[in-house]
Visitor: 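Below are the structure tokens for one structure; questions will follow.
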Amino acid sequence: MAKFIIEIIHPLRFLREYKTFDAPLVRIGRGYDNDLIVADPHVSARHLIVRAQGEEWAVEDISRENGMFVPKFARVVEQASLKSGDELIIGRTRLRFLSPEHPVAATKLLVPTHVFLRTIGRPVNMGSILIVCLMGFAAHVYLISVEETSIWKLAAGVLGFVFSSFFWAGVWAFIGRMIKHKTQFAAQSSLSLLFVAAVLITVNISEYLGYWLNSETVETVIAAILLGGLCTVFLIGNLTLATNVSLKQRIAVCSSISIGIIAVAALLYYSAKDEFNPEPAYFASLKPPVLKILSDRSIDQFLAETTGIFDFPEKFKQPAAK
Amino acid sequence: MRKKFLVSAGIVWAAATLAATAARAQSMTDEAQRIYQAAHRSVVQVQVIDLATGKKTSIGSGFQFSPEGDMATNFHVVAEAVHAPQRFRVEYVRHDGLIGPLEVRGIDVIHDLAVVHSPEKQETYLLLGHSDLSKGTHLFSMGNPFDLGMSIVDGIYNGLMEDSLYKKILFSGSINPGMSGGPALDKEGKVIGINVATAGNEVSFLVPVEHLQELYGSVSSGSSAQGSWKEIIDEQLVTNQNQYMRRLLAASWNTLEAGEARVPGEILDVFKCWGKSEDKEKQLYNYAYIQCSTSDNIFLSNGFSTGQILYKYLWLTSKGLNPFRFYNFYQSRFQYPNPYENAGEDDVTNFKCDNNFVDIGGRTAKVIWCARQYKKFPGLYDINFSLALTDRPQRGFMMEVLALGVGKTNAVEFVRKFMKAVQWQNLSSK
């Protein structure tokens, strides 16, 4: 295996330069008399000697001063035996050794992104999504206000949603730029805008369901399930655009993040809640009369069904004598 | 020029007032002197001593009214010693500085009275009179305000309070903290009431002496001395709420108008209603607000009182808000219950609530119904009943009913009667 490739890897993991060799012995260093000249002041003039030995390479630090770090062993060594795909660091430079027969994992990079993500990534589509979402946000801000709303107040409310979407998109665009060398800001923004819009719709749906079914628990559970699902789906979208992680891993990572967020929120809620509340904590949701699922109870029915509010745990009935 | 006039007018007015006051004060002082001389040996300061520190934690006044050494004071003066006798003891301090122990014999938490007993008999005692005097009668109240020294205060009898289930005498004189439990005497020196509370500015309240006679009767016949104090208080509260709830449920309630709703008004003559409405140009809604209550409050311990009934109505109309915006506003008004400051964590449980859509007189309303239990008196509850009309897109009606310290059956019947009493005008329009 005399033929091989040495790649110089950038600290941010992209390929800076590579060189092919067809020799039993290769010298690496900063000096001009090397086969691979590394422009790094922390590398010795004559630093390494690489000998091809069958399927492997025997690498030796001949400088005896600046050392050679092998990530595989996680320590500085003087001699090492490397396989195709292994890396080593001299000075501040990371080198990767590859044989021409090295299996190429990078083919998955070429798998096309889902048609939905490609569609929302087109600037014209992103523009349309932005306009529709702006209208939706404006309607939302208008409907929750109970005072005269000027156009400026509306705009301020809408911008809050838009900026938070763009901020989220920006974070993922940066991650994409780092990992995949593709920013895809348009697709990320469309995704974030759609996410915020979906959250607003979801919250409203769960509020209505809770109101109609007279149960705060129903509202909370539905909201938690729907929001958790939404969060997972949209995070998968963000990850698909920005990274090369496999679908299985994406699903695992995103659902655990969503569940984690919900768990932390629940934990914070219950730990911040006072044990004693002097006021009745009632479920005071009111919605305009547009639809009615259940029929009204009569006064006597209602009072007969709600006697449970007078049942308290036995421990309060006989306080311990002091 | 104008300023000068005002100043001189002020001086003239002040001089005239002073002259009148001086003339009245002359005759009053003589009478007060006579009463004080006659009564001060029978009036004592009552102190509750914390056993851990040996210092007094609360003070009040009291007076001897029987030759056997029985004294009267307010329940709230000795409440700590009643609730935790192992941590407090009660003492009296006589006019000559002599200190002696007191034992609680009987209590009446509803009228805030206590009968205490001193083993050493005192040489004098006050005679109990009658409280049915005519308005304008001069009275003299005695007690030890702020631990400053035994004092006598003059004032005028102004009949019984109108807005109360437990009638107290309205006394136009200055009763101050520390005078609680002291006697109020007529000019013959007979006790006609017991100092109990003040609203400031010479508006003070006395417990009619008849309640003391009643309590003393049951103490001396031995009929009230069964069970622990907790059981006695429990029984008094339960009996009392049964009595007034029976009155409330038996009465035919008059109604008042709140927007398009006809609702219970001053359901007994002791309830007083107050109203307020608003129609501001900038606001996109109008509202009318009515609140009715009695001014009753039964003291149980520091931070724990009961006995109040309160109900309020809010009628809202939209002025250009579409149904969605109107209901957001409506919901924000519905979310905050009346604050409950009458009890703490040691006294009551958390509220338990249920809610549903209920047909109220032909219209749909969201009804929320909550109760919490008294930990020491498990037969009694504080209740909160809230209702919001939900079948009109741009009209809202809210009702909230609070009753403190009521039994379960009474609470349910009271709320049932309330819901059934609500009627609507133009029922057909939606």
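Chain A is the first sequence line, chain B the second, and so forth, proteins listed ahead of strands; every chain is numbered from 1.
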Visitor: What are the residues of residues 306-314 of chain B, in order of number, with any heavy atom under 4.5 angstrom from a heavy atom of chain A?
Guide: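 When heavy atoms of chain A are the reference, residues 306-314 of chain B contributes no residue within the under-4.5 Å range.
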Visitor: Name the region of B:Ala411, side chain, backbone, both or neither, that has any atom closer than 4.5 Å to a heavy atom of chain A.
Guide: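 Interface part for B:Ala411: side chain.
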Visitor: Salt bridge or not between B:Lys420 and A:Asp300? Use side-chain N to carboxylate O under 4.0 Å.
Guide: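 A salt bridge is present here (some side-chain N lies under 4.0 Å from a carboxylate O).
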Visitor: Do any N or O atoms from the side chain of B:Arg416 and from the backbone of A:Leu303 form a donor-acceptor pair under 3.5 angstrom?
Guide: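 Answer holds: no.
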Visitor: Working to the nearest 0.5 Å, report the span between OH of A:Tyr282 and CH2 of B:Trp369.
Guide: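 Interatomic distance, A:Tyr282 OH to B:Trp369 CH2, rounded to 0.5 Å: 13.5 Å.
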Visitor: Nearest 0.5 Å, what's the NZ-CG distance between B:Lys366 and A:Asp296?
Guide: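 Output value for this atom pair is 11.0 Å.
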Visitor: Among residues at least two apart in sequence or on other chains, which ones pass ring-ring contact (aromatic ring centres under 6.0 Å, His included) with A:Phe161?
Guide: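 If we apply the ring-ring contact (aromatic ring centres under 6.0 Å, His included) test to A:Phe161, skipping adjacent residues, the hits are A:Phe137, A:His140.
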Visitor: Starting at OG1 of A:Thr306, measure out to CZ of B:Phe385 and round the result to the nearest 0.5 Å.
Guide: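 Those atoms lie 9.5 Å apart.
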Visitor: Between the side chains of B:Asp359 and A:Arg297, is the shortest nitrogen-to-carboxylate-oxygen separation below 4.0 Å, so that they form an ion pair?
Guide: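 The answer is no: the pair does not qualify as a salt bridge.
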Visitor: Indicate whether the side chain of A:Asn214 and that of B:Asn356 have a donor and an acceptor atom separated by less than 3.5 Å.
Guide: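 Indeed, the side chains of A:Asn214 and B:Asn356 share at least one donor-acceptor pair under 3.5 Å.
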Visitor: Determine whether more than 12 heavy atoms belonging to other residues, nucleotides or ligands lie under 6.0 Å from atom CG of A:Leu247.
Guide: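 More than 12 within 6.0 Å, yes.
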Visitor: Please determine if B:Lys352 forms a cation-pi arrangement with A:Phe310, meaning its NZ or CZ atom is less than 6.0 Å from the six-membered ring centre and no more than 45° off the ring axis.
Guide: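 Checked: cation-pi criterion not met.
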Visitor: To the nearest 0.5 Å, how far apart are CD in B:Glu341 and CD in A:Glu279?
Guide: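 B:Glu341 atom CD to A:Glu279 atom CD measures 7.5 Å (nearest 0.5 Å).
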Visitor: When the aromatic ring centroids of B:Phe357 and A:Tyr211 are compared, is their separation below 6.0 Å?
Guide: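 So the answer is yes for these two rings.
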